[in-house]
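Note that the coordinates shown come from a computational prediction; the quantities given were computed from them, not determined experimentally. FYI, the numbering just counts along the sequence from 1.
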Amino acid sequence: MNYRSFVQQHRKDWKRLEELIQLLHKSQTRLAAKHVDEFQRIYQKVTQHLSYSQTYFPEEETTGYLNDLVAKAHNIFYQERSSNWKQLKQLFGGTFIFLLSEQWKFVLISMLLFCGGGLAAYLSVLQDPMNIYAILPEAMAQSIDPERIGSQDGAVNSPIMSAEIMTNNMQVAFLAFAGGITFGLLTVYLLIYNGIIVGSIAALFMHHGKTYDFWAYIVPHGIIELTAIFIAGGAGLLMGYKLWVPGERTRAYQLKTYAYRSVLLLLGTLPLFIIAGIVEGFITPADISLEAKYGFAVITVIGLAAYIIVGKRYANQPPAIAARDS
C-alpha cells in the first residue's frame, strides 16, 4: 500500500478518534456508554496504523501525527488510574451498579440456576429425609443435627469464624466467575450444586419442625451473601455466553472485553462478601432472639436496596469501561 492510499483509507478512523477524545474532555473524563466499545475499537485500529506507518513511512508527517494521537488516547484511557481512592470510588460508586444493571439478565439466570437446584433437592429430601445422604457428602450430612440449632449461640470465636467464612465465600464466588472460561459450564455446575446444598438442608430442618429457626440463622447474612454469589455467577455466565456466541467478533476479542467487565462485577461484590462474613461471624451465632435475627435481615435488605438506588444515580453516566488492550 502506498502512502496516499494509506492515508485515504484510514483518515476517517483518525478523525473519529479525535472526536471521541474531544468528547471525553468535554464530558469531564466521562464517556457515554454507547461510545465505550467504539473508542476501544478505533483506538486499537489507530495503534495498528501507527505501527504500520512507523515501519513503512517513518519520515512522513502522518507518522508523527498518529504517534501524538495514540499518546493522547492512551493518556485519557488511563489518566484516572493514578488515584487508588478515585478508582475505588468510581468502581463502587457507579461502574459496578452500571454493569449490574446492564448484565442483570445473567445475574437473574444465575439466581434461577441456584434456586432450581435448591428446589429439586428440597422436594427430594422432603419426600424422604434419608435422601440427604445421597445428595450431600457423607461427612456433611452426618454433621447436620436440626435439634442442636442454636445450642452454641455466643460460644463461637467470632473473629476467626468471620474470616474463615469470608475466605470460603470469596473462593466460591471466584470459582463461579472463573468458570466462565469453561464456556460457563463450571459456573452452571457450581450454582446448581450450592443450591442443592441449601435446599436439602432446608428440607431436613423442615422435616424436624425447625424451619423458622433455620431461616433465622440463614437470612441475616444469606441475603447479602447470595446476592454477591448470584452476581459473581452472572459474571461467569456472561463470559461463558460470549465464548459460546461471539457474534461478529472473534472469541479472543469477546473474552478480552467481557472478561474485564466480569472482573469489575466480581470486584464489586467484595464489600458484600466482607459484610456477609462479618454478619455470619458476629450476628448469626449471637445469643439473641430469632426475631432479632429476622429484624437484622430486614435491615440488610433495606441497606442493599438503598445502595443500588443511590448507585443508579451515578450509573446513568458511567465512567469509561474498556478492556485492556495493551
Checklist line | Pairwise distance CD1(I224) to OG1(T300) - rounded to 0.5 angstrom | finding: 5.0 Å
Margin query: Taking side-chain contact (heavy atoms from CB on, under 4.5 Å) as the definition, give me every residue that meets it alongside V298, ordered by chain and number, with sequence neighbours left out.
Written below: I302
Next item on the list: Measure the shortest side-chain to side-chain distance between I229 and F273 over non-hydrogen atoms and say whether it is less than 4.5 angstrom.
Entry: yes
Note to self: For A292, is there any backbone N or O sitting under 3.5 Å from a side-chain donor or acceptor partner on S289?
What the structure shows: yes
Margin query: Nearest 0.5 angstrom please: D213 CG to F205 CZ, how far?
Written below: 8.5 Å
Note to self: Using the rule given for ring pair (Phe, Tyr, Trp, His ring centres under 6.0 Å), can you reason through Y212 versus Y294, listing the C-alpha separation, both sets of side-chain angles and the distance that settles it, and then say yes or no?
What the structure shows: CA-CA 10 Å; Y212 185 79; Y294 277 111; 4.9 Å; yes
Item checked: side-chain contact (heavy atoms from CB on, under 4.5 Å) involving V70 - partner list, sequence neighbours excluded -> Y43, V46, T47, L50
Checklist line | Listed once per pair and sorted, the side chain to side chain donor-acceptor pair (under 3.5 Å) pairs that draw on residues 51-61, sequence neighbours left out | finding: S53-T63
Next item on the list: Determine whether L123 and I192 fall in the same hydrophobic cluster, where Ile, Leu, Val, Met, Phe, Trp and Tyr are linked whenever their side-chain heavy atoms lie under 4.5 Å apart.
Entry: no
Check: What orientation do F6 and F57 show, parallel under 30°, tilted 30 to 60°, or perpendicular over 60°?
Finding: tilted
Note to self: Donor-acceptor pair, distance only, cut-off 3.5 Å: does the side chain of K72 make one with the backbone of E18?
What the structure shows: no
Margin query: Checking F230 now: which residues fulfil ring pair (Phe, Tyr, Trp, His ring centres under 6.0 Å) with it, not counting sequence neighbours?
Written below: F114
Margin query: For residues 114-133, which residue pairs pass the side chain to side chain donor-acceptor pair (under 3.5 Å) check, not counting sequence neighbours?
Written below: S124-N131
Check: Would you say the side chain of H208 lies within less than 4.5 Å of the side chain of I149, judging by non-hydrogen atoms?
Finding: no
Next item on the list: Return the orientation label for the Y193 and Y189 ring planes: parallel under 30°, perpendicular over 60°, tilted otherwise.
Entry: parallel
Margin query: Test of understanding: with ring pair (Phe, Tyr, Trp, His ring centres under 6.0 Å), list the residues that count as partners of Y65, not counting sequence neighbours.
Written below: none
